[in-house]
2 protein chains.
Amino acid sequence: MNVEETIQTEKKIPLESRTIIHFMLVNNKINETISGVLKPFDVSLQQFNVLRILRGQNGKPAHLSTLNERMVTKMSNTTRLVDKLILKGYVNRIVCPSNRRKVEINITEEGDKVLKKMDVAMAIAEKAILKNISKKELEQLNALFNKF
Amino acid sequence: MNVEETIQTEKKIPLESRTIIHFMLVNNKINETISGVLKPFDVSLQQFNVLRILRGQNGKPAHLSTLNERMVTKMSNTTRLVDKLILKGYVNRIVCPSNRRKVEINITEEGDKVLKKMDVAMAIAEKAILKNISKKELEQLNALFNKF
DNA sequence: TTACAATAATTGTATATACAAATGTATGTC
DNA sequence: GACATACATTTGTATATACAATTATTGTAA
């Protein structure tokens, strides 16, 4: 992925700007690949993340605020995100008995089942995205990302 | 920016997944910083990019399709993006005389003026984002991004 | 020259997201 | 217990984005 070619400019871009543009271009590519493999399941990346967090709870229900905190992309809209997943039958939501301000959200069996299939799809997407990157380079990337 | 801490998980994440999650976390941070500095100008990153592309034309008008091709984030919606910029008085749009299917889009003087101010803001954002990254590390990042 | 396909942009629709305001519930203080 | 305050979620609104369908114009082949 070459920056100048992709955004079709002849100008020399300063290293700092170039890095950030480069970053965004790679991000787009990653997003496209991931939405592509999730598309057959009719869930967005965000919805997928919610399902993963809920599975990580191992049966323990999660509050809305918990989802919010753990989500990779924060969005003010977790309520509506959960609404969508309820419609699809992948999660359920009840008012928390001990504190009626809160809600308890659980993944359903159905949700768990499709999530397993999504995992396979995601693994394929990851492989595709990182097909030219070695283990050592992955380590390097993670180390560099730590500095942000 | 530590991945496990940020998404609050105790589980060991495979290096591949971890890299992609890490990538997204950094991306969010970058986006937040950039939208932050652009907010006073009441333009989105996309609108800013359109203005930059138009300036790069050096007075030569750009067709809508040209904008689409050069934009970092492709979106099917360049028409409405340009609509917004017209409303703000930063660009104008006329039907292309030689081929009435096309439109010609130009940056206005006003647009050029605010774009200069946005440049300063963006430079500050870039500095903030990359404050812990050395020149050598920037080169490394760019080299790694080329492999995506 | 007409009919058909290709091109360029716009519009419609559904969903996603950001941000602020509103709703309902709990807690602490007098 | 009444009140103010804090908390947790939901709702409203505006904008952003993705994708498909539509409109308008041009090119071309019979």
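All values below come from the heavy atoms of this structure, side chains included, with hydrogens, waters and symmetry mates left out. Below, chains carry the letters A, B, ... as their sequence lines are ordered, and counting in each starts from 1. All of these numbers come straight from a predicted model, not from anything done at the bench.
- Atom CG of B:Leu87 is separated from atom C1' of D:dA14 by 14 Å (rounded to the nearest Å).
- For the OP1/OP2 pair of C:dA16 and a distance below 4.0 Å, the side-chain nitrogens and oxygens of A:Lys84 include at least one atom meeting the criterion.
- Whole-Å rounding puts the A:Asp83 CG to D:dG12 P distance at 12 Å.
- With the nearest nucleotide of DNA chain C identified for both A:Val43 and B:Lys102, B:Lys102 has the one nearer the 5' end.
- Atoms CG (A:Leu38) and C1' (D:dA18) sit 15 Å apart, rounded to a whole Å.
- Atoms CG (A:Leu67) and C1' (D:dA8) sit 13 Å apart, rounded to a whole Å.
- Evaluation of the side-chain hydrogen bond (donor to acceptor under 3.5 Å, both in side chains) rule for A:Ser134 yields A:Glu137 as partners, not counting sequence neighbours.
- Place B:His63 and A:Ser44 on DNA chain C by their nearest nucleotides, and B:His63 ends up nearer the 5' end.
- For the pair A:Leu45 CG and D:dT17 P, the interatomic distance rounds to 16 Å; values are reported in whole Å.
- Using cut-offs of 30° and 60° on the angle between ring planes, the pair B:Phe23 and A:Phe145 is perpendicular.
- For B:Ser65 and C:dA9, the shortest distance from a side-chain N or O to OP1 or OP2 is below 4.0 Å.
- Per the geometry, CG belonging to B:Asn68 stands 10 Å off C1' belonging to C:dA9, to the nearest Å.
- When side chains are defined from C-beta on, A:Met71 counts as touching A:Val50, because their heavy atoms get closer than 4.5 Å.
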- Note on the structure: Each nucleotide of nucleotides 20-28 of chain C classed B (base within 4.0 Å of a protein heavy atom), S (only sugar-phosphate) or -, in 5' to 3' order, makes ----BBS--
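- Rounded to whole Å, the distance from CG on B:Leu85 to P on D:dT15 is 14 Å.
- Of the side-chain N and O atoms in A:Gln47, one or more sit less than 4.0 angstrom from OP1 or OP2 of C:dA16.
- Interatomic distance, A:Glu139 CD to B:Leu15 CG, rounded to the nearest 0.5 Å: 5.0 Å.
- In this structure, a donor-acceptor pair under 3.5 Å is present between the side chains of B:Asn31 and B:Asn27.
- Residue pairs meeting the side-chain hydrogen bond (donor to acceptor under 3.5 Å, both in side chains) criterion with at least one member in residues 88-97 of chain B, sequence neighbours excluded: B:Gln47-B:Lys88, B:Asp83-B:Arg93.
- If you take CG of B:Asn31 and C1' of C:dT17, they are 12 Å apart, rounded to a whole angstrom.
- Salt-bridge annotation for B:Glu16 and A:Lys135: present, with a side-chain N of the basic residue lying under 4.0 Å from a carboxylate O of the acidic one.
- Contact annotation: B:Lys39 reaches the phosphate of C:dC19 (side-chain N/O to OP1 or OP2, under 4.0 Å).
- Set against C:dA8, D:dT10, C:dT10, the side chain of A:Leu64 has D:dT10 as its closest nucleotide.
- In this structure, B:Thr79 reaches the bases: a heavy-atom distance under 4.0 Å links it to at least one base atom across the strands shown.
- Looking at the side chain of A:Asn77, the nearest of the listed nucleotides C:dC19, D:dT10, C:dA16 is C:dC19.
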